[in-house]
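Step one of this worksheet: look at the structure below.
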Amino acid sequence: MTHSPLRWTSLAERDAMLAAAGATSRDPGMAAPSAATAHEDHAHAHDDVRTEASSGPAALDALGSAASDVSRRTFLAAAGFSLAGVLAGCGRAPTQSAVPGSTQPEETIAGISTWYATTCGGCAAGCGLIVRCRDGRPVKIEGLPAHPISHGGVCAVGQAQLLSLYDSRRLRRPTIEGKESAWKDVDARVVGALTGVRSAGGAVRVLTGTVTSPSTLAAISGFLDAHPGGRHVVYDALSASALLDAHEAAFGARILPRFRLERATVILGLEADFLGTWISPVELTHGWRAGRTLEGVPPKLSFHAQVESALSLTGSNADRRFRVAPGQLGSFVAHLAARVAAKAATSAPAPADPSPVPVEALDDLAGRLVRARGASVVLCGSNDLDVQRLVVAVNQAIGAYGATIDLSAPSFQRAGDDAALAALIDEMEAGNVAALLVAGCNPVADAADGVRLAAALARVPTRIGLAERADETTAGLSVVLPAPHAFEAWDDAEPVAGVLCVSQPLIRPFGEPRTLRECLAAWAGKPASDPALVRATFAKDVAPRAGGTTTPERLWRQTVREGFLALRPRPSGAKAYDAVSVASASPRATAPAAGRLALVLGPTVGMLDGRHAQNPWLQELPDPITKLTWGNAASVSPATAGAANLSDGDVVRVAAAEGGVFIELPLLVQAGLADGVVAIPLGYGRLGTDRFAGVGPAWIEARPTVRKGESVGRNVSGFLRLVGGAVAYAGREVTVTRTGARDALSLSQTWGSQDLPKALAPRGHERRDAVRETTLAAFSTDPAAGNEAPHVGADLWSRDHATPGARWGMAIDLGACTGCSACVVACQSENNVPVVGKDEVRRRRDMAWLRIDRYYADVPGSPGDVDVVHQPMLCQHCENAPCETVCPVLATVHSADGLNAQVYNRCVGTRYCANNCPYKVRRFNWFDYASPDSLADLALNPDVTVRSRGVMEKCSFCVQRLHEARAEAKRAGRPLADGDARTACQQSCPAQAIVFGDLNDPKSRVAALLRDPRRYRVLEELNVRPSVGYLTKVRHRDGPAKGASHD
Amino acid sequence: MTQRLLLVTFADEHGLLRAVRHLRAEGRPILDVRAPYPVHGLPEAQGLASSRLPWVTLWGGLAGLTVGLLLQAWTSAVDWPLNVGGKPLFSWPAFVPVAFELVVLFAGLATVAAFLLVDRRRAPAPPSLDGLRATDDRFLLALGAEDATYDAANLERSMRDRFGALGAEEVFVEDAS
Amino acid sequence: MRHPTVLALLAVLLILVLVVVVQGAGTPLPGNDIGYEPDQPILFSHQMHAGELSIDCHYCHVGAERSRHAGIPSEQICMNCHRFVAAPLASVREEEAAATKEGRPVRPVLSPEIGKLYRAQGLGSDGKPLPGAVPEPVRWVKVHNLPDFAFFDHRSHVGAGFACATCHGPVDAMARVRQFSDLTMGWCVNCHRASNLSGLPDGRPAAASTDCSTCHY
Amino acid sequence: MTDHAHEPPWIRPGTTLRQVTDDVCGRLEGRPGRLWWGGFLLSLGMLGIGLVSIGYLFLTGIGVWGLNRTVGWAFDITNFVFWVGIGHAGTLISAILLLFRQRWRTSINRSAEAMTIIAVMCAGIFPLIHMGRPWFAYWVFPYPNTRGSLWVNFRSPLLWDVFAIGTYFTISAVFWFVGMIPDLATLRDRAKTGVRKAVYRALALGWTGSTRSWHRHETVCLLLAGLATPLVLSVHSVVSFDFATSVLPGWHATIFPPYFVAGAVFSGFGMVLTLMLVARKVMALEAYITKRHVDVMCKVLLAMGCIVALAYATELYMAWYSGNPYEQFAFRNRLFGPMGWAYGVMVLCNVLVPQALWSRRLRGNLLVVFGISLLVNVGMWFERFVIIAGSLMRDFLPSSWADYAPTLAEIGTLIGSFGLFFTLFLLFCRFVPAIAMSEVKATIAHEAHEAAPADGSPPPNAADRPGARAAEDALAGGAR
């Protein structure tokens, strides 16, 4: 997208503007009708309200077509006119009103987007965003370029925050004992209770997740100062407690170090899914990618090894991967530490058990880590304190601290203390907590001992909660207050020391939410509101650290405009390394008893800890590894499944060996898992997800996405428990037994290998090399390794179609793509791709324009191990498009700038084009996929037609963005420059794996990449001449290139 | 005006054929012959010219070919040239099937239309001979009874005796027009 | 004449003739709204504003040069003038005369139509905000309606130098706005074709695309 | 064709012209029997199921079919190809056999042609309803429009289908009607009630049976036959182009045009046999549809079956010989993949079972023949299903491989198409002469002529006295 200036607008101006746009309002009732019109404005004055838009569908009804949701389907309505005319004999369009705002705020012109810099609220990582607003409402989230943390990337969860904003189920007004109440009553009651507590000397506790906002932290501490003995308890649903504790032990300060992967050439990940879900995936992905550019001589490619029990996104991208059961991790680290110590001439405790991985592999690994001293790093996601201590020792031995691990400017993205939460629960059970304020977290659902917590809540007299939605925790609270969405409020954050990020409201709030700051201020008797509170902290603590001479006022304006501000970090308090602290630790290896499996619980890319479980985009996002949507499943390795005679879709009962915890959910046989392990994703089975019962079409053979009263997936946090002061996510012994029931998994991809089924392949082996890969060794000698040009037959036809102007094309670097699926959600958001529901996905009718194909390949010589490749697959915009030739009505044709255009309003829906598409990227509207939540229509992109039932759709290379860029360039009287037009997937890719541009411009990046020896086209031999090229995947390995051609 | 004619009925084609040949040799005008099925050799016996319908078919077919090719070429390459699958604007091989179908369509319809139109010209014979089973199992031969040499009794006898006619009858009919 | 084939042929001929006649008479086919001229909530006259007062189109329709939508002006823009002009000069003079006759201060005069504008703003007849009055935007009736699947960009067309009247017709002579062009796809496409041959109004060569993806996406 | 004297005649000897008229017209003039009503109501029931299914489809969306993003066509287009194929035998019998002057066709060509027309109607439904937005189906016709005249894509095989099927239906219908005019005149002349008379008079277009008319009539029939012959070959070739011109392995096959035509004729003859055997029994037409007819049709069926078998073999050979891995996989998958069972059914019914017809004894056993003809229809349906759905399920990128299973709506629609077929066919038997009387009469005369002694004396069945009497009566009261 062209870089529109990021404007600063005062809240007053903004309110005026929003009132004008009429897209939102304090009254939710008003929001719905404007929602209905919001996406129409591409065709009408920006603010008209279609009154009788249903006449089109009415005509279709006459024909027996059910055009249900007008708001999603007005294009069908219009399309129906011709018909309505024919039927009625006259074609008068329905009356439509145009309602201008009474005042026109500056910078808001109908149909012109404004871009605002802000900060993502999806997790604590604090990535920078620029949000595109149209007519007073956000319509698209993009990464903020040059942001010191996210560097322009946004993850899938971040992209989906748009839909969370337009959610009619969010809390709008405070409730007391379930009754809606006014804020003043709430304040009165709370203040009364708190004064009572104070006078009685009762204990006040504030329970939150990690808070990175200086102003909020200030507010909390101010609040607690007013209540002697009060404490702020912080926990993380995805805890890094042991990591923090280990550093406290080693460096005397409980800090989370900041990992600088961009400086690393050797990376070892231990149970740390740092590309997918661990702490700050976008930031770490950027760093990981920076070390794998393949530029220079020798080619720059870091070595990445991963040790894990389940198959994580990170593991799927590792150059070398070891499957190690949870019980063995400790002994693996012990062996590694010993070898590293030997090579680095430091000391480490002797391992007590045999190594779970081959010794030579260990030696090789240790060797690499030590040789790359200062440029190597070990990231450990385990929450076992002993393991973490050893890892600290290893990192110290290989000189990571100060180089690849930053302690002086640490990260604040995880601050939770598992022990503190446990202590709090004990306190509550003992009845020693007088007042509890739970803000922005859901411990009952996602914390260890959540069940105990739920019971203990009853023993707290004053229970106050601040939440965006009703959840398991608010259910047990007496006062429940609505919290704003990140786009509705001012906020600040310092996710890593020295980087201050600011959030600004982009829309007038739905309902009457309040930030924690505002609440605490009101209860402290000094009522104040944002942004005043935020700016107070800014002036007091932040501005001084910024250096420079500008006034806080100017600095504030600049920060709001830019979205972030670089600061002098506060001293982290890290002391010199204390070797003694780690010397003692030497974890023992354990193994589950016979007939039992080791349970591994972890987040998925879409759900994380489950705080976004009510977001349909994320529920329908196929998991990058399992490709499972709408729910979680228990994964076991093929060997384990075979031994237990289990198969896909068997409903199994997973029961803890002791503790009486059990759960029933479908089984999924997952390659790449350690044997004897059952892995289950966290974050599912949340209260309120029964809302999705209405998602997906209703017809006789349809199955509901979720049955009424049930939830999407199952919540397995009940298996979490505290071990040695930290939550144990892995290793709990369970039995897995078949219940006899079956539950079809809704997978978006069912055949997982490029190798054809043995029975059907000649000589037992044949490979479809959609993804081509090679090894670093082969690549260094021949950059085109593994990329043999296929035989392309002669062209029967003469070519008489010139592309005078631009010819759009794309290059996708499979070496960079991690499969994180950010592009998938970005595309869905940009192009109004509907959510179709569980049953439709199971029927293989998902509508994703951009999907990510995931292929496994067996690793020769080591059974059970798999290599994984991820391939973004979208319309290839072939020059000789097979789809175009077969369409009888010219509904898909080629444009002069090389686009394969799909004309929805001309399509009659023969599906011939989809049948004839070798890449199967075309998507058909089998039904009217209307969103059951009409408020969600506000998230629709006004620049893209909403497709009706019965028409074909597919990737358009974001043609609306191309038009916008071209029009703006023309208006500015300059030619279109490379990078002016960027597709949604390209924009949000945290790894910059996607490059888009003009192939006719030899200087464009994409043209350069398509000249790269690594470049190939999928199915080139068909001579369909795709405009999308891929770059071969290079693994940091020795040996020849792999299976690049058919044999 | 009314017309007088002699109607001779036969039970099978053999007698009829011989009778027709005989009468033509005599030069007696045969107004019309009707049969329940196309009698082999009868047209020749009556000396009918062969039909010119095949020409209609030919011209119809040519018309179809022209329309087919012009329509496709003009719409695809001239009126609104669109790049479809990178193929040339005038990709003639792709235009063959439709052109062919139109040839057959035009030719067929033209032929039938022509047949129906031409065949409307009624034979100078009684408008309705229902009940004479001419469309069932009888063969009718209609002779003009106007000229001087005409002798009904004589003629009828010769038809019965020499050609096995079932009978003959003088009838007066309104001239069909 | 009693001949079925002949009758059939005649029927076909008749239908063809009908079509030709209907087309020739300029009768719009179903779906063509040319000439659409709905009543508006306020008797606003483009004839007076754009014609007699010759106010530039872009003064009110601010989006036309920068945005896809020309946009309906906000009442704020109306008030730029109507803050001062609340009634026809004649009636103001009358009031003055009456006032002087009766020797009382002149009361503000507000014409009924402009009164609607004031009420929409929640203003009293004196132009001051009425206590407790809620602004209620005017709901104009849209005249030029394109189907939602057709994207038209005012920006590029105005930028190419086309006069508003090219498509909207002599609006400055319309008391009430009427749809001047038929706004069918054929109308768009033919203009694009013509411009490519004739060039832009200012003589520059035109590059008006007839690709489907230019308007449909 | 001179050895007819030795072979048994096509029409049972001694059948008089009068009998032909009575046998054929009598059925139309009397009231329909129980059997007819039973069959008719059953067919109507099936048709109802189909209408309900289609109604539900239109109301809800194509999603009520079991299709998915990988398998875009299955039952719909399978049924389409199946029904178009059925039609072909009719044209073949009426046109090609006419050109070859095969007299035995006369007994069956009328109903065979009716079958053609009805089958094409059934086929035509599917391209319409398989559209996502059938209410815009008219967009496939190139008509001037207000969209700047946006035309159609003449490069699309689907558009070729539109023209091919349209032409095929028109020409077949016209051919059928023209051939029927003389018989309609017969009915007109026999009609008693006013209504019948009026209707048949209108339909007969004033046919007199005059030699001139007969002469032109024969010419027109020959010309139409000459046109219909290449047409029928083109139609299924065009249908096969839907697949042959695509890139999909298993569809992209140059052998398809002849392969499909052969298959069409094969299935068509299967259906003709089925119908003939039923009609023969139900309508007591043993005199006209003799065992010899059945025998000849069996031979044709056998011949076509062998051609089809050859086509299957060639297909496999070409896949192997092409060296194209995609092709090779497509066919290994066709044989041993998830749809392997369907391929088995197809080979069994289309290749193995018809071989039984080598035996004269089995050809004489009408029950066996009936069973075989049914199996051939089943097999040919599966052939299309295997080609269409089976190939789509496993195409280029393994990531998008998906399976397919039909839904109730699809099965209902298939049943409905059979309902429509039999409903229309029963109506045909009821209101139009199911046997071409004039042609049969000509055949009788022809055979009588061949049977007759050299001298021109009248053949035995010519002079029937009662008939003569009737003639005189008629003459007496004929014209006044």
Side-chain angles (χ1 to χ4, degrees), chain A residues 792-809 875-903 906-907 910 912-919 922 952 954 999 1017 1020 1022-1027, chain B residues 51-120:
Chain A
V792 180
D795 210 334
L796 211 58
W797 300 98
S798 62
R799 322 194 53 76
D800 60 355
H801 301 290
T803 54
R807 186 162 70 82
W808 300 110
C875 175
Q876 306 283 302
H877 292 270
C878 315
E879 278 178 64
N880 299 345
C883 52
E884 294 173 2
T885 319
V886 298
C887 176
V889 293
L890 293 167
T892 180
V893 293
H894 231 65
S895 68
D897 49 5
L899 297 183
N900 167 241
Q902 176 67 26
V903 189
R906 176 67 172 175
C907 177
T910 67
Y912 197 175
C913 53
N915 291 341
N916 208 23
C917 172
Y919 308 92
R922 294 182 149 257
M952 190 63 67
K954 62 159 196 72
L999 300 175
R1017 294 189 182 120
E1020 184 157 16
L1022 298 180
N1023 193 29
V1024 293
R1025 301 169 150 270
S1027 301
Chain B
S51 166
R52 292 188 308 282
L53 282 169
W55 290 104
V56 181
T57 316
L58 174 63
W59 288 115
L62 289 177
L65 181 64
T66 327
V67 170
L69 287 179
L70 287 184
L71 176 73
Q72 298 185 76
W74 183 71
T75 55
S76 316
V78 180
D79 188 42
W80 193 333
L82 282 166
N83 175 352
V84 176
K87 293 188 169 41
L89 295 175
F90 181 72
S91 24
W92 64 267
F95 298 161
V96 170
V98 170
F100 172 79
E101 302 299 337
L102 287 182
V103 168
V104 174
L105 184 64
F106 278 52
L109 292 183
T111 313
V112 171
F115 164 66
L116 294 177
L117 284 171
V118 171
D119 201 47
R120 296 306 299 158

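Predicted model only: the values in this text are computed from it and were never measured. Per chain, numbering begins at 1; letters A, B, ... match sequence-line order.
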Donor-acceptor contact below 3.5 Å, side chain A/E884 vs main chain B/V84: no

Among A/C878, A/A881, A/P882, residue most engaged with chain B (heavy-atom pairs, under 4.5 Å): A/A881

Neighbour count >12 (heavy atoms, 6.0 Å) for atom CH2, A/W797: yes

Note, B/K87 side chain near A/N880 side chain (heavy atom, < 4.5 Å): no

Chain B contacts, top residue of A/R1025, A/H894, A/E879 (heavy-atom pairs, under 4.5 Å): A/H894

Proximity of residues 57-83 of chain B to chain A, residues having a non-hydrogen atom under 4.5 angstrom: B/L82, B/N83

